[in-house]
Visitor: 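Let me give you the structure first, and then I'll get to my questions.
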Amino acid sequence: MLLLWLRDLCRRFQQVPRRVTCCQASRDAKTSRAGWEEKGTNGVKWRQLEHKGPYFTPAYEPLPDSVRFLYDGKPVKLSLAAEEVATLYGKILHLECTTKEVFQRNFFSDWRKEMTAEERKLITHLDKCDFTEIHRHFVERTEARRTLPREQKQKLKEEAAKLQQEFGYCILDGHREKIGNFKTEPPGLFRGRGDHPKMGMLKRRVMPEDVVINCSRDSRIPEPPAGHQWKEVRSDNTVTWLAAWTENIQNSSKYIILNPSSKLKGEMDWQKYEVARRLKGVVDKIRAQYQVDWRSPEMKKRQLAVALYFIDKLALRTGNEKEEGETADTVGCCSLRVEHVRLHEKADGQKHVVELDFLGKDSIRYNNRVPVEKLVFQNLQDFMKDKDPRDDLFDALTTASLNKHLQDLMEGLTAKVFRTYNASITLQEQLRVLTRADDSLTSKVLAYKRANRAVAVLCNHQRAIPKTFEKSMQKLQQKIEAKQAQVTEAQVELEQAKADLRTRGENKPRSLLQKQRRLLKVEEQLARLRAQATDKEENKQVALGTAKLNYLDPRISIAWCKRFGVPIEKIYSKTQRERFAWAFERADEDFEF
DNA sequence: ATGACCACTTAGTAGGGAACTT
DNA sequence: AAGTTCCCTACTAAGTGGTCAT
């Protein structure tokens, strides 16, 4: 208690909390041995941090009188507060979430809290509310912005750039670094993923009074907006955030953080991959061990061994416990329930097939059938025996105990390192298998995409099928047919030319050569189109970006580009190149993960 | 042990703008 | 110039895993 109070006091006086520095020192002894820190500083993330604080969402701008809200068919002029919340709903009227009952109920309940007593008395049923004029108003506003004359657009762009210049950068240890999100989140209606019990709730406007500023003591402390104050100004150099507030839906912290291009973030990214590379050195031993443990007489040990097998083989997430009723019902490995597993003695012509079917992170469905070793199968049967569908599959296992075990196997090893390791090693291996040195540039890039996709599939990174997918696929098919016709035509012409040369003895070898070249060219184009179509089809439900950004050691890709003469721009966009700047300094063509 | 809390990484989506057609 | 497609980025939700108090 005393310590707590002291620490709080320290923070209030904007000093580096002593206790934190002390703790960090002991942690450092461990981490430096593991090669975590290179500067030899103890958990300290910066020495200097200066910034302007967050940029706040501009105040609410009332609707023009011409835009009406109707209740029960009659226009009602809403109070400012109630109108603002109404516009949040009207703005997203076209989105599917507004049709969900939970969303509507939560929204209506929170909206009513913003109404005056009078409004509350009048407006009692959401289905009598008509937001269509509000919705149209915002659609028109967007449209108006889109069709703005060139100079006006230019002006808006410049204003945005000015804002970016003023608020979008900080000074960290003498370097000007880009901030990731320099704006506070605007008020809005909470859009959880999947079946979220809180969808539709009002996310309130962030005020300076909610915001804690983190910066160095001797820096220019950011000014709060006129007439306002910060909640607190502190100087904690063991954390990387610049400002923080507590969001009112889940009561969790939101942070203003650095851009991924920053040195600090880059260094942390690098370390992540170095840990994964260390796993490469011990993974065989770990695999051998968990296979032995499948036979253990201890239930705990067997559950751990099977769970780890899933995490390793199927790249499952660890699956922390979640508070029931606060979030959507999703699971990971350790939180799998009996109802998520089906065992097939025989399926698809294979023995001992395990079928997993559950909602994972972001309520993305994981549905996979895999043949497993007999021992794994028998263990699963045992774990499921005499349990209800809603019971935990691994009832004797927690993520904490799993990670504790992993920590003993290798310094810095946690469950998520397996995902990183397996993702990166898969990319490297797939690139090796799929790339041919004498292929065209296009083919090489396509090979990369394939390798990337293999990882995305492994990690179950999915996306919604693009709305225009069918249409654009049809168009591509038409293009292919047209190209096919061209090829046929070119073939005929070539044959004709050959025949002419023979029969009439016409002496035009130049034209013959031209026709041959023509055929080759259209055939190549056809092949390219076909490859494109295959690629598109295989990719329609797969999200490649997540793996690329978070799981694939960029040094693998950089080395591959160098080895095969592929320009790096073909693989990484500008922001991605900035994000992976750390890797360019550390990878030559011989790099091996 | 257990749970609350915190800080950080990982995730999919909406919407805007660039690039390409018409 | 307008329409269309495609790619990128901003946004913010939802995970992981550590620490600390109880």
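None of these values were measured; they are calculated from a predicted model. Chain letters run A, B, ... following the sequence lines, proteins first, then strands; residues in each count from 1.
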Visitor: Would you mind reading off the distance between Asp553(A) atom CG and dT9(B) atom C1', rounded to a whole angstrom?
Guide: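 It works out to 16 Å between those atoms.
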
Visitor: Check the distance between dT5(C)'s C1' and Leu476(A)'s CG and give it to me in whole angstrom.
Guide: 13 Å

Visitor: Looking only at side-chain N and O atoms, does Lys471(A) come under 4.0 Å of OP1 or OP2 in dT5(C)?
Guide: yes

Visitor: Taking N and O atoms by type only, does the side chain of Lys254(A) place a donor or acceptor under 3.5 Å from a partner on the base of dT12(C)?
Guide: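 No pair found.
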
Visitor: First locate atom NZ of Lys449(A), then atom CD1 of Ile571(A), and finally report the distance between them rounded to the nearest 0.5 Å.
Guide: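 Interatomic distance, Lys449(A) NZ to Ile571(A) CD1, rounded to 0.5 Å: 10.5 Å.
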
Visitor: Want to settle it: does Gly194(A) or Gln164(A) sit nearer the 5' end of DNA chain C, counting the closest nucleotide to each?
Guide: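 The answer here is Gln164(A).
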
Visitor: Taking side chain as C-beta onward, heavy atoms only, is His51(A) less than 4.5 Å from Ile213(A)?
Guide: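 Yes - at least one pair of side-chain heavy atoms lies under 4.5 Å apart.
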
Visitor: Lys467(A) side chain N/O closer than 4.0 Å to the phosphate oxygens (OP1, OP2) of dT13(B)?
Guide: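 Negative; the distance criterion is not met.
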
Visitor: For the side chain of His94(A), counting heavy atoms from C-beta on, which of dA11(B), dG15(B), dT9(C) is nearest?
Guide: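 Closest of the options to the side chain of His94(A): dG15(B).
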
Visitor: Should the pair Phe310(A) and Phe394(A) be assigned to parallel (<30°), tilted (30 to 60°) or perpendicular (>60°) ring geometry?
Guide: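 Aromatic pair Phe310(A)/Phe394(A) classed perpendicular.
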
Visitor: Between atom CZ in Arg146(A) and atom C1' in dG17(B), what is the gap in whole Å?
Guide: 11 Å

Visitor: Among the candidates dG12(B), dT9(C), dG15(B), find the nucleotide nearest to the side-chain atoms of Thr546(A).
Guide: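 It is dG12(B).
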
Visitor: For Arg234(A), is there an ion pair with Glu232(A) - N to carboxylate O distance below 4.0 angstrom?
Guide: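 Yes, this pair counts.
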
Visitor: Check every strand shown and say whether Pro260(A) touches a base, only sugar-phosphate, or nothing at a heavy-atom separation below 4.0 Å.
Guide: nothing

Visitor: Hey, could you give me the OH/OH distance between Tyr551(A) and Tyr273(A), rounded to the nearest 0.5 Å?
Guide: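 Here the interatomic distance stands at 9.0 Å.
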
Visitor: Select base, sugar-phosphate, or nothing to describe what Ala464(A) touches, counting heavy atoms under 4.0 Å on all strands.
Guide: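 Touches sugar-phosphate only.
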
Visitor: Looking at dT13(B), I'd like to know if its phosphate oxygens (OP1 or OP2) sit under 4.0 Å from a side-chain N or O belonging to His461(A).
Guide: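 False: His461(A) side-chain N/O out of range (4.0 Å or more) of dT13(B) OP1/OP2.
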
Visitor: Parallel, tilted or perpendicular: which one describes the rings of Phe107(A) and Tyr89(A), with boundaries at 30° and 60°?
Guide: parallel

Visitor: Assign Thr330(A) to base, sugar-phosphate, or nothing according to its heavy-atom contacts below 4.0 angstrom with the strands shown.
Guide: sugar-phosphate

Visitor: What's the closest nucleotide to the Lys265(A) side chain, out of dG12(B), dC6(B), dT9(B)?
Guide: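 Nearest to the side chain of Lys265(A) among the choices is dT9(B).
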
Visitor: With a 4.0 Å cut-off on heavy atoms, is Ala415(A) in touch with a base, just the backbone sugar-phosphate, or nothing at all?
Guide: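 Since only primed, P, OP1 and OP2 atoms lie under 4.0 Å of Ala415(A), the category is sugar-phosphate.
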
Visitor: Nearest to the Gln250(A) side chain among dC8(B), dT13(B), dA14(C), which nucleotide is it?
Guide: dA14(C)

Visitor: May I ask you to say whether Lys155(A) pairs ionically with Glu158(A), meaning some side-chain N is under 4.0 Å from a carboxylate O?
Guide: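 Looking at Glu158(A) together with Lys155(A), the answer is no, because their closest N to O distance does not fall below 4.0 Å.
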
Visitor: Can we say Arg205(A) and Glu84(A) salt-bridge, meaning some charged N sits less than 4.0 Å from an Asp/Glu carboxylate O?
Guide: yes

Visitor: Identify which nucleotide among dA14(C), dT10(B), dC8(C) has an atom closest to any side-chain atom of Thr575(A), counting heavy atoms from C-beta outward.
Guide: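 That would be dC8(C).
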
Visitor: Does Glu61(A), at its CD atom, have more than 12 non-hydrogen atoms belonging to other residues, nucleotides or ligands within less than 6.0 Å?
Guide: no

Visitor: For a quick test of reading the model: is some side-chain N or O of Thr468(A) closer than 4.0 Å to OP1 or OP2 of dT5(C)?
Guide: no

Visitor: Lys157(A) has a side chain; which of dT12(C), dG12(B), dA18(B) sits nearest to it?
Guide: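 Shortest atom-to-atom distance from the side chain points to dA18(B).
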
Visitor: Describe the nucleic acid contact of Lys404(A) in one word from base, sugar-phosphate, nothing, applying a heavy-atom distance below 4.0 Å.
Guide: nothing

Visitor: Applying a 4.0 Å non-hydrogen cut-off, can you work out what Tyr255(A) is touching in the nucleic acid: base, sugar-phosphate, or nothing?
Guide: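 Touches a base.
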
Visitor: For the side chain of Asn550(A), starting at C-beta, report the closest nucleotide among dA13(C), dT10(B), dG12(B).
Guide: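 Nearest listed nucleotide: dT10(B).
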
Visitor: Under a 4.0 Å heavy-atom cut-off, which of residues 416-424 of chain A touch DNA chain C?
Guide: Lys416(A)

Visitor: Rounded to the Å, how far apart are Arg141(A) CZ and dG16(B) P?
Guide: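 After rounding, the reported distance stands at 10 Å.
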
Visitor: Charged N to carboxylate O below 4.0 Å: is that the case for Lys404(A) and Asp408(A)?
Guide: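 Result for this pair is yes, salt bridge flagged.
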
Visitor: Does Thr240(A) put a side-chain nitrogen or oxygen below 4.0 Å from OP1 or OP2 of dA7(B)?
Guide: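 For dA7(B), neither OP1 nor OP2 has a side-chain N or O of Thr240(A) closer than 4.0 Å.
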
Visitor: Would you please confirm or rule out a distance under 4.0 Å between OP1 or OP2 of dT10(B) and any side-chain N or O of Lys272(A)?
Guide: yes

Visitor: Quick one: does Asn237(A)'s side chain have a donor or acceptor within less than 3.5 Å of a partner on Val44(A)'s backbone?
Guide: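 Side chain of Asn237(A) to backbone of Val44(A): no pair is present.
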
Visitor: DNA chain B: Arg579(A) or Lys91(A), which has the more 5' nearest nucleotide?
Guide: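 The residue whose closest nucleotide sits nearer the 5' end is Arg579(A).
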
Visitor: Considering every strand and a 4.0 Å limit on heavy-atom distances, what is the contact class for Lys548(A): base, sugar-phosphate, or nothing?
Guide: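 The residue Lys548(A) makes no contact with any strand.
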
Visitor: Please state how far atom CD1 in Ile571(A) lies from atom C1' in dC8(C), giving the value in whole angstrom units.
Guide: 16 Å

Visitor: Once you round it to whole Å, what is the distance between P of dC11(C) and CD of Glu185(A)?
Guide: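 In whole Å, dC11(C) P lies 9 Å from Glu185(A) CD.
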
Visitor: More than 12 heavy atoms of other residues, nucleotides or ligands under 6.0 Å from NZ of Lys52(A): yes or no?
Guide: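 At most 12 heavy atoms, drawn from other residues, nucleotides or ligands, come within 6.0 Å of this atom.
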
Visitor: Applying a 4.0 Å non-hydrogen cut-off, can you work out what Thr147(A) is touching in the nucleic acid: base, sugar-phosphate, or nothing?
Guide: nothing

Visitor: Which of the following nucleotides, dA7(B), dT9(C), dA11(B), is nearest to the side chain of Val239(A)?
Guide: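 Ranking dA7(B), dT9(C), dA11(B) by closest atom to the Val239(A) side chain puts dA7(B) first.
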
Visitor: Can you find a pair of side-chain heavy atoms, one from Lys265(A) and one from Trp582(A), that are under 4.5 Å apart?
Guide: no

Visitor: With heavy atoms under 4.0 Å as the rule, sort Lys203(A) into base, sugar-phosphate or nothing.
Guide: sugar-phosphate

Visitor: Looking only at the side chain of Tyr551(A) (C-beta and beyond, no hydrogens), which of the listed nucleotides dT10(B), dC6(C), dT12(C) gets closest?
Guide: dT10(B)

Visitor: Which residues, if any, of residues 308-324 of chain A bring a heavy atom under 4.0 Å of DNA chain C?
Guide: Arg317(A), Thr318(A), Gly319(A), Asn320(A), Lys322(A)

Visitor: Which whole-number value in Å describes the distance from Asn403(A) CG to dT9(B) P?
Guide: 17 Å

Visitor: Check every atom of dA11(B), dC11(C), dA7(B) against the side chain of Lys183(A) and return the nucleotide holding the closest atom.
Guide: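 So the side chain of Lys183(A) is nearest to dC11(C).
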
Visitor: CD of Glu232(A) versus P of dC6(B): gap in Å, rounded?
Guide: 11 Å

Visitor: Starting at the 5' end of DNA chain C and moving along, which residue's nearest nucleotide shows up first, Leu413(A) or Gln576(A)?
Guide: Gln576(A)

